[in-house]
Structure formats: C-alpha cells, structure tokens
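Each remark here refers to the structure printed beneath this line.
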Amino acid sequence: VQLQASGGGLVQAGGSLRLSCAASGRTFSNYAAGWFRQAPGKERESVAAISRSGSRLSYADSVKGRFTISRDNAKNTLYLQMNSLKPEDTAVYLCAATFRAYTTPSSAAQSEWYDFWGQGTQVTVSS
C-alpha cells in the first residue's frame, strides 16, 4: 500500500489542524494504521494508532485529550485531528500502516511494527 500524508502547516499555539493520509494500491481496511512524529534532533515517536475497523484506538500520553485518530475505509483515508496545539507538537508527522492486527497499545506504538510509511507532512506551531 502507498501512503500520502497531507494537511500540515503553520498554526499558532491553541489552534487546530487535521492531517490526512490517503492510501492506495491495496484495500485499506486490511491494515492497522498509525501516526508518528519526528522533531529535529529527536527520535521518532508514536502519536496514535488505530485498528483495521477503527474500533480500537490508542494515544501517546502527550496528545491524549487533544488529538483524535480516525479512519474512513470507504475513502481509504486515515486522519489525525489535532486541537489545542502546542509549540512542542512541532514535527514532521508521518502515517504508517501494517498487515498486523492491532493487539495492544504498546505494540502499535512501535515503529518496527509497521510495514509501510508515508513521506510526512510538516506541522509547525508558533508560540
């Protein structure tokens, strides 16, 4: 499956953005998926993950209550709604997908668990 992330940009602290990740090449509903982010000089970190059907979700503690992951399998698209953005949310955001079934939040947070990656979209939050 090929993944194409979009929706990033520059926003003031407290603002909102919605990221999209369009999947092509395979039936998207066959894949669990997730969002990661990587800031300059920092390691890639998991932001959120979602099961194939969308019934199971998990979030990093740093974004709980502010970010919402969702998917529309009919449109082959993964979303990340980001509210109450903070300067520390500034990073390149990447979407990822895997053949594996969602089992636990800890496994879904591991970048090694994913088979396919999009190219990333930049999110910059100004103070």
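Note that the coordinates shown come from a computational prediction; the quantities given were computed from them, not determined experimentally.
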Interatomic spacing from CG in Leu78 to CG in Asp72 - rounded to 0.5 Å:
10.5 Å

Val125 vs Val123, test: side chain to side chain contact (heavy atoms under 4.5 Å, CB included). Steps then yes/no.
CA-CA 7 Å; Val125 184; Val123 172; 4.2 Å; yes

Here the pair of heavy atoms bringing Ile69 nearest to Gly34 is CD1-CA, 4.3 Å

Under the criterion side-chain hydrogen bond (donor to acceptor under 3.5 Å, both in side chains), I'd like the reasoning laid out for Asn83 against Ser16: C-alpha separation, chi angles, the key distance, then a yes or no.
CA-CA 4 Å; Asn83 298 328; Ser16 298; 2.9 Å; yes

Listed once per pair and sorted, the ring-ring contact (aromatic ring centres under 6.0 Å, His included) pairs that draw on residues 18-53, sequence neighbours left out:
Tyr31-Phe99, Tyr31-Phe116, Phe36-Tyr114, Phe36-Trp117

Could you grab the distance from atom CZ of Arg71 to atom OG of Ser55, nearest 0.5 Å is fine?
10.0 Å

Within one Ile-Leu-Val-Met-Phe-Trp-Tyr cluster: Leu17 and Leu94, side-chain cutoff 4.5 Å:
no

Ignoring hydrogens, what is the shortest heavy-atom contact between Ser46 and Ala109? Give both atom names and the distance.
CB-O, 3.4 Å

Would you indicate whether Arg26, at its atom CZ, is surrounded by more than 12 heavy atoms from other residues, nucleotides or ligands within a distance under 6.0 Å?
no

Mark yes or no for whether Arg18, through its side chain, and Gly8, through its backbone, hold a donor-acceptor pair below 3.5 Å.
no

Taking atom CD of Glu43 and atom OG of Ser111, what is their separation to the nearest 0.5 Å?
9.0 Å

Look at the side chain of Thr77 and the backbone N and O of Lys75, then say whether any donor-acceptor pair between them is shorter than 3.5 Å.
yes

Within this structure, what is the OG1-NZ distance for the pair Thr90 and Lys42, rounded to the nearest 0.5 Å?
9.5 Å

Not counting sequence neighbours, which residues clear side-chain hydrogen bond (donor to acceptor under 3.5 Å, both in side chains) with Gln122? List them please.
Thr124

Test side chain to side chain contact (heavy atoms under 4.5 Å, CB included) on Met82 and Arg66 and set out the steps.
CA-CA 6 Å; Met82 304 186 296; Arg66 300 188 298 120; over 6 Å; no

side-chain hydrogen bond (donor to acceptor under 3.5 Å, both in side chains) evaluation trace for Thr104 with Ser106:
CA-CA 5 Å; Thr104 64; Ser106 59; 3.2 Å; yes

Please identify each residue that fulfils side-chain hydrogen bond (donor to acceptor under 3.5 Å, both in side chains) with Thr98, with sequence neighbours left out.
Arg100, Asp115

Mind listing the closest non-hydrogen atom pair of Asn73 and Ser29 along with its distance?
ND2-CB, 3.5 Å

Output, in order, the C-alpha distance, side-chain angles, deciding distance and verdict of side chain to side chain contact (heavy atoms under 4.5 Å, CB included) for Ser62 and Arg37.
CA-CA 12 Å; Ser62 58; Arg37 66 186 182 186; 3.4 Å; yes

Step by step, work out the side chain to side chain contact (heavy atoms under 4.5 Å, CB included) result for Leu19 and Thr121.
CA-CA 8 Å; Leu19 306 184; Thr121 185; 3.9 Å; yes

Test of understanding: clusters of I, L, V, M, F, W, Y form through side-chain heavy atoms closer than 4.5 Å, transitively. Do Val63 and Ile50 belong to the same one?
yes

Ignoring hydrogens and geometry, is there a side-chain-to-backbone donor-acceptor pair from Gln12 to Ser127 under 3.5 Å?
no

Is Tyr79 reachable from Leu3 through a run of hydrophobic residues whose side-chain heavy atoms are each under 4.5 Å from the next?
no

Is Arg56 reaching over with its side chain to a backbone N or O of Arg52, donor-acceptor style, under 3.5 angstrom?
no

For the backbone of Ala32 and the side chain of Ser51, can you confirm whether one donor and one acceptor N or O come within less than 3.5 Å of each other?
no

Nearest 0.5 Å, please: how far is CD in Gln4 from OG in Ser20?
11.0 Å

Salt bridge or not between Asp89 and Lys86? Use side-chain N to carboxylate O under 4.0 Å.
no

Linking I/L/V/M/F/W/Y whenever any side-chain heavy atoms sit under 4.5 Å apart, do Val11 and Leu80 land together?
yes

Give me the ring orientation class for Trp113 and Tyr102: parallel if the planes are under 30° apart, tilted from 30 to 60°, perpendicular past 60°.
perpendicular

